[in-house]
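Report on the structure given below.
Small disclaimer: the values here were computed from a predicted structure and weren't measured. Chain letters run A, B, ... following the sequence lines, proteins first, then strands; residues in each count from 1.
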Amino acid sequence: MGAYLVRRFFLMLLTLFGMSVLIFVLLRVMPGNISDILFESAGLVNPAEKAKIEKELGLDQPLVVQYSTWISGLLRGDLGYAYVSEKPALDEILPRIPITAKLAVLALFFSIVLGVPLGVISAVKQDTPLDYALRVVSLSGLSLPSFWLALLILMGFVHFLGWIPIYTDKPATIWHELALLSIPAAAVGFRASALIMRLTRSSMLEVLRQDYIRTARAKGASAASVNYDHALRNAVLPVITIIGIEAAFLIGGLIVTETVFNIPGVARFLVEAIRWRDYPIVQNLVMFIAVVVVVVNFLVDMAYVVLDPRIKYED
Amino acid sequence: MPRTVSPRIFAAAIVVLALVGGPALAQKQGGTLRIYHRDNPPSASVHEEATVSTNLPFMAIYNNLVIYDQTKDVNSVETITPDLAESWSWDATKTKLTFKLRQGVKWHDGKPFTAKDVECTWNKLLGKDADTFRKNPRAIWYQNVKEIALNGDFEATFVLNRPQPALLSMLASGYSPVYPCHVSTRDMRTKPIGTGPFKFVEFKQNEVIRLARNPDYFVKGKPYLDGVEMRIIANRSTRTLAFVAGEFDMTFSQDITIPLLKDMKSQAPNAICEIKPQYVPRNLMVNREKPPFDNAKLREALALAIDRKPFVDILTEGKGDIGGVMLPLPEGLWGMPPEVLKTMTGYGGDIEKNRAEARKIMESLGYSASNPLKVKVSTRDIAIYRDPGVILIDQLKQIYVEGELEVVDTTIWHAKAARKDYTIGMNLTGMSVDDPDPVFYENYACKSERNYTQYCDPAVDKMIDEQSQETDVEKRKKLVWAIEKKLNDDLARPIIYHDRAATCWHPHVKGFVGHQNSIYSNWRFTDVWLDK
């Protein structure tokens with residue numbers, strides 16, 4: 001196990017290195033840089049002033065030098081200065097992370113508490129009206145575009161019901177924050193819950209046909225015990241995998257949700273930073289997301305061992 | 001026989017007048033005006049930007065030497081009022097404009113304002129200061145300023161190379177604040193210091209901009225508001241909904257398009273929405289230096305093919321205006337009257353006749369329905385650019401031109417234009433002051449950096465200089481219209497149409513006056529108050 005962990009750790013480092021090169025190169029391949037955009041916004045072209053800005057920001061340096069400056073800074077905890085706000089990038093990124101993290105955790109929580117039990121019910125009640133209804137719900141969750149769903153929810157809860165305000169003020173209490181975030185989280189989590197529900201259902205159906213389930217029933221185990229102790233425990237592994245993947249993909253869904261609900265998190269900030277070619281913000285944020293994804297994947301792999309005693313990572 | 005008014009009627013009239021005029025006397029102090037902002041301003045430095053996204057949130061931090069009256073809806077020489085200057089005067093040669101400055105004015109950090117600050121600001125704009133601006137989009141406005149001469153701490157004179165009466169109009173624009181000498185240009189971009197009615201509190205990128213009342217403002221009793229808060233909401237549906245739901249007191253400047261206005265009025269029937277010209281005309285860029293439009297005959301055919309009315313009807317539901325470079329009448333001060341406008345190629349007569357003439361030209365050049373001229377119509381990847389581009393392509397078909405829409409990443413639009421890497425481009429140009437000097441010098445003068453299509457004709461430069469020196473308004477108008485005609489004949493960014501849009505606010509917002517011929521100069525908020 002120890003050797004596996006070490007191998008895994010180095011693999012994670014390798015993945016992060018690959019990500020850093022990829023994002024660095026992709027950003028430079030995109031048309032225009034910050035100086036182009038600054039002049040674009042002012043509607044003028046001045047090559048001399050543009051060159052001055054590029055020199056000031058080190059964009060005139062060879063790419064290798066720019067990359068090593070960024071990585072060495074990152075390793076020292078110096079994320080550089082944001083090009084647009086001219087403030088330390090860390091000061092721009094840090095306050096936004098908790099907002100997105102709370103939204104992501106809430107969305108994931110929503111998708112699990114909705115997706116897993118409904119998936120089990122759908123499997124156990126296969127081909128009943130309840131199963132059909134749940135399948136329609138899960139299909140609509142997968143097919144409704146999240147921006148459209150978010151707009152509908154926004155209209156319903158803000159305009160017609162007036163239950164939540166649009167995120168225009170920092171929430172005063174944790175309950176206020178929960179109220180503000182729970183509806184956007186539900187909008188994001190709905191799609192993920194649909195996927196989890198479908199996977200749980202199919203996985204459960206497969207397990208419920210196994211011999212050991214028949215044995216459990218034959219020895220007189222209750223339906224709840226059969227479904228939850230015997231079947232779900234064995235059916236949950238692919239669900240855990242998909243939850244891990246969804247956690248990583250969640251950030252994509254949050255970009256739309258944060259924009260529509262006006263939540264000042266990192267996802268929306270990242271899109272704006274890409275639009276402005278604000279390299280220090282984009283590079284560091286993408287690296288942060290990469291770290292989160294890599295760690296979540298690692299935790300999912302570790303969860304396999306806990307959930308299925310048959311799985312062992314050999315040294 | 002002389003008529004007399006009975007005392008009863010007189011008393012009743014006084015009561016009515018008092019009731020009608022009552023609110024004007026009852027401004028309430030306090031409250032925070034909440035406006036939504038449509039996007040993240042590039043910086044807080046008004047001098048370095050050329051977008052209302054910066055003017056609207058930050059103009060109230062500063063003062064100018066003179067300012068367009070914030071309580072009147074027209075920007076004109078007659079509505080210019082004192083600001084940091086108490087008075088001004090021209091010398092006999094009209095080449096020296098002297099300002100007597102207010103005394104006792106303090107910057108928001110407590111330092112005193114003096115004439116040195118005026119000198120510093122314009123030296124930066126003239127490129128004479130060591131701490132230059134990162135971008136200087138309106139440098140061309142002051143190309144005629146030789147120097148700023150000081151006489152003590154409270155008198156500054158703009159010394160000009162030649163007479164330029166429009167200088168005062170440019171100085172009265174929201175784009176002409178006075179900056180403090182003691183604050184760096186970098187700090188002015190991120191945490192600006194001014195003398196204005198509101199102090200800068202914070203600017204959180206993509207989130208919020210906050211201003212707080214300046215208790216030491218030199219106009220006693222003003223501003224009425226405790227502060228102004230502008231939340232940045234990039235999504236139009238969200239911000240409109242938030243306004244309707246009462247989260248905001250006011251929309252961003254002209255954020256409500258004509259098609260959106262119906263929804264707005266049905267969802268917020270009490271909201272006050274004023275439709276005004278944007279003075280951001282949609283125009284064409286035609287590359288005159290590369291084939292095929294290096295051929296003057298082909299440019300003429302193009303000019304004849306354009307029917308401006310469908311653009312106005314389709315895109316603005318008939319609310320837009322057809323005109324030249326200067327803002328059309330009645331709001332514009334320099335717009336061409338219909339009898340002059342219709343003499344310009346492509347503006348008058350029967351469109352079918354014009355197009356028949358254009359087809360003849362095209363046929364003489366070897367083009368036909370079976371052998372059309374294939375061109376790319378380039379434009380930015382933004383709906384307000386793409387939509388007129390599509391209509392243009394449809395119209396070009398009428399004269400054997402097969403257009404293909406080339407959508408260009410918005411970040412490289414001006415750079416592409418500067419490289420002349422286009423054949424036809426659909427473009428938008430914001431005009432900040434309704435005066436020919438800034439409009440022509442910025443966009444059509446050979447030396448201007450904002451003339452990114454690099455149209456350059458020394459004869460036009462001479463005509464622009466000539467109108468610039470003319471003090472007689474009627475004579476100047478004639479010169480301006482001659483320039484309009486010349487620019488139109490040359491297809492130098494020919495104007496397609498002028499758009500209109502609405503700014504809305506809830507009835508409890510009082511004292512806000514939107515200017516009808518500029519969107520850049522009415523954001524001081526000194527007279528705005530909240531009746532709640």
*What part of A:I53 is in contact with chain B, defined as an atom under 4.5 angstrom from a non-hydrogen atom: side chain, backbone, both or neither?*
side chain
*asked:* With a 4.5 angstrom heavy-atom cut-off, is it the side chain or the backbone of A:M30 that approaches chain B, or both, or neither?
replied: neither
*Distance, nearest 0.5 Å, that separates CD of A:E56 from CZ of B:R186*: 7.5 Å
*With a 4.5 angstrom heavy-atom cut-off, could you sort out which part of B:S43 is near chain A: side chain, backbone, both or neither?*
neither
*Heavy-atom distances under 4.5 Å only: say whether B:E48 touches chain A with side chain, backbone, both or neither.*
backbone
*Consider only side-chain N and O atoms of B:K204 and A:S85, and report whether a donor and an acceptor are under 3.5 Å apart.*
no
*asked:* More than 12 heavy atoms of other residues, nucleotides or ligands under 6.0 Å from OH of A:Y67: yes or no?
replied: yes
*Backbone N or O of A:L38 within a donor-acceptor pair of the B:K135 side chain at under 3.5 Å?*
yes
*Quick one: which residues of residues 274-284 of chain A reach chain B at under 4.5 angstrom, heavy atoms only?*
A:R275, A:W276, A:R277
*Output yes when B:E207 and A:R268 qualify as a salt bridge under the 4.0 Å nitrogen-oxygen rule, no when they do not.*
no
_B:L241: which of A:L154, A:V260, A:L151 passes side chain to side chain contact (heavy atoms under 4.5 Å, CB included)_ = A:L154
*Atom CD1 of A:I174 with >12 non-hydrogen neighbours under 6.0 angstrom*: no
*Would you mind reporting whether B:T132 and A:K52 have side-chain heavy atoms less than 4.5 Å apart?*
yes
*Might you confirm whether atom NZ of B:K128 has over 12 heavy atoms from other residues, nucleotides or ligands at distances under 6.0 Å?*
yes
_Quick check on the interface: out of A:E272, A:K87, A:E86, who has the most heavy-atom pairs with chain B under 4.5 Å?_
A:E86
_Heavy-atom contact with chain A under 4.5 Å, split by part of B:R236_ = neither
_Please rank B:Q267, B:R189, B:E49 by heavy-atom pairs under 4.5 Å with chain A and give me the top one._
B:R189
*Please flag which part of B:N136 lies under 4.5 Å from any non-hydrogen atom of chain A: side chain, backbone, both or neither.*
both
*Does B:K376 NZ have over 12 foreign heavy atoms under 6.0 Å away?*
no
*So which of B:N235, B:T429, B:T51 has the biggest tally of heavy-atom pairs under 4.5 Å with chain A?*
B:N235
*Considering only heavy atoms, which portion of B:Y36 lies under 4.5 Å from any heavy atom of chain A: side chain, backbone, both, or neither?*
neither
*Mind checking the OG1-CG spacing from B:T238 to A:N262? Nearest 0.5 Å is all I need.*
7.0 Å
